[in-house]
2 protein chains.
Amino acid sequence: MKLTSKGRYAVMALVDLARFDNINPVSLRDISLRQGISLDYLEQIFSKLRKKEIVQSVRGTQGGYVLNKKAKEIKLTNIFDAVDEKVKTVQCKKESKKGCNGKSTKCLTHNLWDELENHINNFFEKKSLEDLIKDNVERRI
Amino acid sequence: MKLTSKGRYAVMALVDLARFDNINPVSLRDISLRQGISLDYLEQIFSKLRKKEIVQSVRGTQGGYVLNKKAKEIKLTNIFDAVDEKVKTVQCKKESKKGCNGKSTKCLTHNLWDELENHINNFFEKKSLEDLIKDNVERRI
DNA sequence: TGATACTTGACTATTTTAGTCGGGTATATA
DNA sequence: TATATACCCGACTAAAATAGTCAAGTATCA
Ligand code: FES
Ligand code: FES
């Protein structure tokens with residue numbers, strides 16, 4: 001099980017953004033430089049974040065992005081959801097009664113994978129952007 | 001974040017095995033048929049499980065595999081570890097002081113990813129094969 | 001002696017990831 | 001008004017990972 005760079009970058013970039021967006025919008029170029037993430041890739045990511053109303057964009061010179069909600073209200077779940085970083089422990093469709101590999105019923109361990117998925121999602125639902133920023137201040141990173 | 005089929009199959013196969021290994025070894029052919037997993041792929045998986053002493057093999061006719069430990073003592077951690085299904089939330093090496101993308105320090109969110117990794121691994125450390133079998137009996141699957 | 005079933009290693013198609021690239025458009029400022 | 005900045009959008013691609021397959025064995029039982 002691994003977290004993809006897209007998901008990791010989305011959170012990193014938003015933490016960076018949240019720390020600097022007091023007055024002015026933050027440009028992706030700055031985030032790119034500070035966090036060492038490809039600018040082109042960041043643009044893809046922020047396009048998704050904007051569509052899910054996590055950030056707002058400001059075009060033109062001195063433009064950039066600002067948070068569209070309070071940091072406290074942005075949970076990891078929302079971020080991951082926006083960039084399609086989903087937790088998936090099974091191959092079969094959740095809604096369907098059918099199992100993997102075209103089997104007519106769900107597998108022996110199906111309940112386990114559901115539990116696992118919930119376990120991980122719980123973590124994402126609890127953590128907000130605000131938590132992450134506080135965490136950094138305490139550690140003075 | 002997704003669980004790979006290899007990891008999922010390893011656990012499925014072991015649950016199947018654990019339910020049938022009272023007297024005789026269980027052949028991969030049987031597991032393959034019951035669980036709908038490719039025989040060739042199962043062989044790869046069991047080769048690893050054997051090397052990590054989770055199962056024992058019995059060659060020849062009427063051969064197959066048996067558990068090498070009590071079901072209570074086999075945790076998901078052990079199974080995933082055996083088949084190289086590891087939880088990885090970062091790209092950079094854990095031991096190293098350096099960050100991702102060759103950066104000289106760890107990133108802003110590094111602590112978060114460590115927490116996440118621990119959170120998931122905790123789940124795997126708690127669950128044993130015995131738990132999974134009991135679970136099935138209760139549900140009469 | 002044959003059938004069963006484990007053993008090993010190499011090989012491959014498909015999918016996913018992690019980007020890149022080339023063209024835009026809006027806006028502030030000089 | 002010209003220009004630079006920075007967002008916007010879609011298509012493309014190299015590399016890695018995944019999910020297998022395939023071939024050629026060896027051990028053991030009946
Ligand atoms: S994981 Fe698909 S049937 Fe259980
Ligand atoms: S994830 Fe690699 S530096 Fe933090």
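All values derive from a computational prediction rather than experimental measurement. A note on names: the letters A, B, ... follow the listed sequences, proteins ahead of strands, and every chain is numbered from 1.
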Residues that B:Glu85 engages under salt bridge (Lys or Arg N to Asp or Glu O under 4.0 Å), provided they are two or more places apart: none
- line: Taken to the nearest whole Å, NZ/B:Lys51 to P/C:dC6 is 15 Å
- line: Rounded to 10°, the angle between the first-five-pair and last-five-pair axes of the helix from C:dT1-D:dA30 to C:dA30-D:dT1 is 10°
- prompt: Listed by chain and number, what are the side-chain contact (heavy atoms from CB on, under 4.5 Å) partners of A:Asn118, not counting sequence neighbours?
  reply: none
ring-ring contact (aromatic ring centres under 6.0 Å, His included) partners of residues 61-88 of chain A, not counting sequence neighbours, each pair once: A:Phe46-A:Tyr65, A:Phe80-A:Phe124
- prompt: Rounded to whole angstroms, how far apart are CD on B:Gln35 and C1' on D:dA19?
  reply: 18 Å
- line: Between CG of B:Asp84 and C1' of D:dA19 the distance, given in whole Å, is 15 Å
- line: Side-chain contact check for B:Arg50: nearest option of C:dT8, C:dT17, D:dC9 is C:dT8
- request: Send over the distance from B:Gln56 CD to C:dT7 C1', rounded to a whole Å.
  value: 16 Å
task: Specify the separation, in whole Å, of atom CE of B:Met1 and atom C1' of D:dT18.
output: 16 Å
query: With the sugar-phosphate defined as primed atoms, P, OP1 and OP2, and the base as all remaining atoms, what B/S/- string results for nucleotides 18-28 of chain C, 5' to 3', for protein heavy atoms under 4.0 Å?
result: BBBB--BBBBB
field: Test side-chain contact (heavy atoms from CB on, under 4.5 Å) applied to A:Thr61 - qualifying residues, sequence neighbours left out
entry: none
statement: A:Leu33 atom CG is separated from D:dA6 atom C1', nearest whole Å, by 13 Å
message: So, using side-chain contact (heavy atoms from CB on, under 4.5 Å) as the criterion, who are the partners of A:Lys93 when residues are at least two apart?
response: A:Glu95, A:Ser96
- prompt: Are more than 12 heavy atoms from other residues, nucleotides or ligands located less than 6.0 Å from atom CD of A:Glu73?
  reply: yes
task: For A:Lys2 and for A:Ser57, find the nucleotide of DNA chain D with the closest heavy atom, then tell me which residue's nucleotide is more 5'.
output: A:Ser57
message: By the 4.0 Å heavy-atom rule, please label B:Phe46 as base, sugar-phosphate, or nothing.
response: nothing
task: Let me know the distance between CG of B:Asn24 and P of D:dT28, rounded to the nearest Å.
output: 17 Å
NZ/NE/NH1/NH2 to OD/OE distance under 4.0 Å, A:Glu115 and B:Lys127: yes
Nucleic acid contacts - residues 11-18 of chain A versus DNA chain C, non-hydrogen atoms under 4.0 Å: none
- prompt: Among all residues two or more places apart in sequence or in another chain, which pass the salt bridge (Lys or Arg N to Asp or Glu O under 4.0 Å) test with B:Lys48?
  reply: B:Asp84
- prompt: With sequence neighbours excluded, what pairs up with B:Glu43 under the side-chain contact (heavy atoms from CB on, under 4.5 Å) test?
  reply: B:Leu28, B:Leu39, B:Asp40
- prompt: Who pairs with B:Asp114 by salt bridge (Lys or Arg N to Asp or Glu O under 4.0 Å), at least two apart in sequence or on another chain?
  reply: none
Sequence neighbours excluded - side chain to side chain donor-acceptor pair (under 3.5 Å) pairs with any residue from residues 5-18 of chain B: B:Asp16-B:Arg34, B:Asp16-B:Gln35
